[in-house]
Amino acid sequence: MTNTPTRRHADTPNTGLIPSELIMAHALENAINHDGKPNQKSILSALFAEGLEKSQIKNTIPLIQEVIQEVTNLSPEKQKEKFKELEHKISKREIRVGLKELPSAEKGKVVMRLAPFPSGPLHIGNARTAILNDEYAKMYKGKFIVVMDDTIGSEIKPIEPEAYKLIEEGLKWLDVKFDKKIIYKSDRTKQYYKYAEEMLKKGYLYVCHCEQEKMHDLKIKGIECPCRQLTPDEQIERWKQIFKAKEGTATVRLKTNMQDPDPAFRDRVMFKISDRPHPRTKKKFRVYPSMEFSWAIDDHILGITHILRGTEHYMSTRVQNFIRKIFNWQNPESIYNGHFAIKGVKISKSKGAKEVKSKAYQGWNDPRTWSLQSLHDRGITKEAIRQFVLGLGMRQTNITVPIETLYALNRKILNDAPRYFFVEQPEKITITGSPELTAKIPIHPNGKHGTREYKTTQKFLIPKIDFDLMQNGNYRLIHLLNFKSENILKAEPRTFSFVSTEHRTANSEQRPKYLQWLPADDKNIKVEILMPDGSKINGLGETELSKLKEDTTIQFERFGFVKLHEKQKDKLKFWFAHN
Ligand SMILES: [Zn+2]
């Protein structure tokens, strides 16, 4: 008996070997993406994602090697042709790391909702809820509805008219698949009135004219106010009057239980008067429902089965369930997520709105807003955002994650981005003895983006920060030459001597410090980089940058990833993603 594995057909049951057609499909895909040569390691990791287990590696490797041989012998055209035939074998993997099953969820019957309050665009924190809803809706082949939670807002948290469009734009960018018909709470005001009247007639609501402070005091003491005792007929009369009453003089309260152990649950406000014009309905309405009331009704009408919400919504759930019980409606399942904070990120929509209006920020895409628009403009990919969110999953505990986690995921995705030279605050140096050189530098070590050439003399530009730190020792202008500094503290701190061009990996004492550089000529391009904190970094970039199109993400070597935001006549403006 020999251990030589035999080839199996794709449809043979899993007896410990991965079907060879699946290996072939991955090998072809890999070859097409890597100049015709499939890579064993890459194929292995692709197979892990297909369910290959560690114990199967030993038996699978000979199969992979056999397939690699076969694929390498094919012409690029044949590879593509064959891949087309086998492409369907590759599973369309959708990462759903850390997502537990939803309670009592049935495939095809799950209805989820996202309820953004339009006070600004969605930011990285909101993206979590949006993506989790999206993943669950897909997981159960359910429906996902977006409901603009725009009843009226408040003085401190007003609705921003442009937020509606920004939210939609952000969700589309994230590839969140929501129901085409977006629902607006502000379109449903009359519906809320209808249910309110029904509840008033049945004695579940009352119109209260007591002052807010007095009422607060009564609630704490557990004492009912006189308004609560009036008959339903009198309540309906008061309800009719409320539409003409002055702002702040009347509320509609839910009759819960004034003895409830939690004073906050006692007779909460369900409707209030507001004279602030609504961005959509203008002055058509003055009496607005609380979010709790509107959701109690809408979750039923929209048939919502599962709600992902923050743990701060325990009270809302209780109030909504209380109302639904009155109508004998079923409650949706609420699944709670703990507070989610990102270390290194401060988000304030109200500050954002203020700074956007005063033009202190560039707009709603300013990096300081942390809006999805700002992340897009910085070169953070939606794929990285989704991986970031799914990596956290659903958890009831509070979590704080460093923003670097997102950056690390994005860096992996941007691995193939072209790399260019940028010198921050350039300082001119001279390297005596350096011959005139033609630097032929690949735009990326993977060779995919070609090369560019620069002719050099003995004059170079290096970043000020590096210049200031220079000491006597060995240095290397990356991809170009080695030099040494011996008289850094003496008369000519800007003049150094040439050593060689070869790239050596000498012993550690000899190993040079690497410096970013540009030839010191007048062809370099002015570059400005907007940083996440709103500050700007200026410097010079290589001439090749002029070929870039706006919205391209590149890497400035030894600096970080940036996206070209705007091409001006004499300057390129980039936005910084991360290093
Ligand atoms: Zn009262």
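Along the sequence shown, residues are numbered consecutively beginning with 1. Read the numbers this way: they start at 1 and go in the same order the structure lists the ligands and their atoms.
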Between T552 and K549, which heavy-atom pair has the shortest distance, and what is it?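 Closest heavy-atom pair between T552 and K549: OG1-O, 2.5 Å.
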Charged N to carboxylate O below 4.0 Å: is that the case for D149 and K185?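 Result for this pair is yes, salt bridge flagged.
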May I ask you to list the protein N, O or S atoms found at less than 2.8 Å from the Zn ion (ligand 1)?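 Atoms qualifying: C208 SG, C210 SG, C225 SG, C227 SG.
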Who passes salt bridge (charged side-chain N to carboxylate O under 4.0 Å, His left out) against K382, sequence neighbours left out?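 Salt bridge (charged side-chain N to carboxylate O under 4.0 Å, His left out) list for K382, sorted by chain: D175.
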Can you say whether the rings of H300 and W329 are parallel (under 30°), tilted (30 to 60°) or perpendicular (over 60°)?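 Rings of H300 and W329: parallel, as their planes differ by under 30°.
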With under 30° as parallel and over 60° as perpendicular, where do the rings of W239 and F243 fit, or are they tilted in between?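 Rings of W239 and F243: perpendicular, as their planes differ by over 60°.
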Is the NZ or CZ atom of R113 both under 6.0 Å from the centre of the six-membered ring of W295 and within 45° of that ring's axis?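 Yes, cation above the ring, under 6.0 Å and within 45°.
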